[in-house]
Amino acid sequence: MKTIIVATDYSDSAEVALKYATFIARLTKTKIALLNIYTFNIHALNGRISPAAMDNLIESNQQHLEHYAKKLSSKYDLALSAHTLTSIEDYSLEKFAQSLNAGLIVMGMNRNLSDQSLSGNISSSIIKNTKLPVLVVPQGAEFKLPERLLYACDYHAVPNEDHLQELNEIAGTFGAEVQVFHITKKPFEADEALQAIVIGQLENSLQPVNHSYRDKNAKDIIEGLKEGIEEFKADILVMSPHKYGFWSS
């Protein structure tokens with residue numbers, strides 16, 4: 001990994017994420033690329049804005065981003081490059097990340113519930129449109145060396161081997177302990193063959209890392225996760241997306 005991409009919308013929560021990323025960058029000796037995804041106003045698009053006017057808006061945004069990056073570079077004593085992507089161009093986030101040899105995307109999350117639907121949509125969009133790990137930093141979070149990683153695992157789906165390798169690398173880099181955490185709403189009734197495959201893959205991937213397993217019954221998945229985080233005193237919650245069939249979903 002040569003670069004960490006930090007997504008920004010110039011908000012306080014985005015700067016919290018950047019501050020968090022600067023600590024990681026110093027520890028891993030990586031660069032930081034500040035990224036703003038510029039979205040055109042729907043009224044401008046409906047008014048059939050000219051290509052020249054679009055270019056002017058993008059250029060203006062890029063200049064503002066470069067000025068912002070320069071100010072933050074001075075504040076955190078770390079060089080930041082500034083990049084703009086738009087919601088209408090073919091150059092995807094995935095291609096952009098590949099061009100920088102990026103290994104991680106960091107973004108903020110606003111704790112204000114009135115803004116949560118918007119930030120949630122942006123987070124979900126980025127996660128769906130990239131194969132890179134995405135680190136979402138809650139507003140108010142302070143960086144500390146991660147000593148405990150809680151990996152929320154669903155035994156109904158075989159985990160992605162690449163995701164486990166990345167989890168292994170993160171845990172190994174920081175010398176962190178991993179707890180594989182599984183939540184069920186009722187006593188777990190698994191296909192024994194599938195469970196053996198899942199456990200075997202987890203063991204193969206996490207063998208060099210200090211790790212343990214825990215199952216928890218909870219009526220609500222989110223509340224179960226909160227309890228798991230508090231009881232394990234986890235510094236980072238790790239979740240891996242899965243594609244489910246109709247019945248399993």
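Everything numeric in this text was worked out from a predicted model, so none of it was measured.
Under the 3.5 Å distance criterion, with hydrogens and angles disregarded, a donor-acceptor pair is assigned to the side chains of Asn61 and Asn36. Counted by atom type alone, His182 and Thr184 present zero donor-acceptor pairs between their side chains at under 3.5 Å. For the residue pair Tyr76/Glu15, the side-chain donor-acceptor check at 3.5 Å is satisfied. Side-chain N/O atoms of His211 and Glu203 include a donor and acceptor closer than 3.5 Å. Between the side chains of Glu66 and Gln62, at least one donor N or O lies within less than 3.5 Å of an accepting N or O.
Expressed to the nearest 0.5 Å, how far CD1 of Ile183 lies from SG of Cys153 amounts to 11.0 Å. Annotation: the span from Leu78 atom CG to Ile32 atom CD1 amounts to 5.0 Å, rounded to 0.5 Å. Taken from CD1 in Ile58 to OH in Tyr38, the straight-line distance is 7.5 Å, to the nearest 0.5 Å. The line from OG1 of Thr8 to CG of Leu80 is 10.0 Å long, rounded to the nearest 0.5 Å. Residue Gln179 holds its CD atom at 12.5 Å from CG of Leu206, rounded to the nearest 0.5 Å. The distance from the CG atom of Asp55 to the OG atom of Ser60 is 12.5 Å, given to the nearest 0.5 Å.
Scored by the salt bridge (Lys or Arg N to Asp or Glu O under 4.0 Å) test, Glu227 finds Lys216 as partners (sequence neighbours excluded). Shown here are the ring pair (Phe, Tyr, Trp, His ring centres under 6.0 Å) partners of His163, two or more places apart in sequence or in another chain: there are none.
Leu145 and Val137 end up in the same hydrophobic cluster when Ile, Leu, Val, Met, Phe, Trp and Tyr side chains are linked at under 4.5 Å. Taken together through direct or relayed side-chain contacts under 4.5 Å among Ile, Leu, Val, Met, Phe, Trp and Tyr, Tyr155 and Ile221 form parts of separate hydrophobic clusters. Residues Leu150 and Tyr20 are members of separate hydrophobic clusters, defined by side-chain heavy-atom contacts under 4.5 angstrom among Ile, Leu, Val, Met, Phe, Trp and Tyr. A continuous path of ILVMFWY side-chain contacts below 4.5 Å connects Ile5 to Met107, so both sit in one hydrophobic cluster. With hydrophobic clusters built from ILVMFWY side chains whose heavy atoms lie under 4.5 angstrom apart, Leu225 does not share a cluster with Val178.
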Legend entry - Trace of the side-chain contact (heavy atoms from CB on, under 4.5 Å) decision for Thr22 with Asp77: CA-CA 9 Å; Thr22 60; Asp77 192 26; over 6 Å; no
Inset, instruction - Using the side-chain contact (heavy atoms from CB on, under 4.5 Å) rule, take His83 and Phe96 through it: C-alpha gap first, then chi angles, then the decisive distance, then the call. - result: CA-CA 9 Å; His83 308 267; Phe96 171 72; 3.6 Å; yes
Legend entry - Candidate pair Ile170 and Leu149, rule side-chain contact (heavy atoms from CB on, under 4.5 Å), full reasoning: CA-CA 9 Å; Ile170 293 170; Leu149 307 181; 4.1 Å; yes
Legend entry - Stepwise side-chain contact (heavy atoms from CB on, under 4.5 Å) test for Leu202 and Leu164: CA-CA 7 Å; Leu202 287 166; Leu164 291 178; 3.7 Å; yes
Legend entry - Intermediate values then yes/no, side chain to side chain donor-acceptor pair (under 3.5 Å), Gln165 and Glu169: CA-CA 6 Å; Gln165 289 175 354; Glu169 289 176 9; over 6 Å; no
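Side-chain atoms of Leu18 and Leu72, non-hydrogen and from C-beta on, do get closer than 4.5 Å to each other. For the pair Thr30 and Thr3, the minimum side-chain heavy-atom distance is 4.5 Å or more. Counting heavy atoms from C-beta on, the side chains of Leu35 and Ile105 never come closer than 4.5 Å. Put simply, the side chain of Leu135 reaches to within 4.5 Å of the side chain of Leu104, judged on heavy atoms. The shortest distance between side-chain heavy atoms of His67 and Lys70 does not fall below 4.5 Å.
Between Phe23 and Phe143, the ring planes are parallel. Angles under 30° get that label, and only those over 60° would be called perpendicular.
Of all the heavy atoms in Val209 and Ala176, the pair that sits closest is CG1-O, 3.6 Å. Of all heavy-atom pairs between Ala14 and Ala7, the closest is CB-O, 4.2 Å. Closest heavy-atom contact between Ser205 and Asn168: O-ND2, 2.7 Å. For Tyr68 against Ser11, the heavy-atom pair with the smallest separation is OH-O, 4.4 Å. The minimum heavy-atom distance between Asp12 and Gln139, with the atom names listed, is CB-NE2, 3.8 Å. For Pro159 against Tyr151, the heavy-atom pair with the smallest separation is CB-OH, 3.7 Å.
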Can you give each donor-acceptor pair under 3.5 Å made by side-chain atoms of residues 229-239, sequence neighbours left out, with the distance rounded to 0.1 Å?
residue	atom	partner	partner atom	Å
Glu231	OE1	Arg214	NH1	2.5
Glu231	OE1	Arg214	NH2	2.7
Asp235	OD1	Lys144	NZ	3.0
Asp235	OD2	Glu147	N	2.7
Asp235	OD2	Arg148	N	3.1

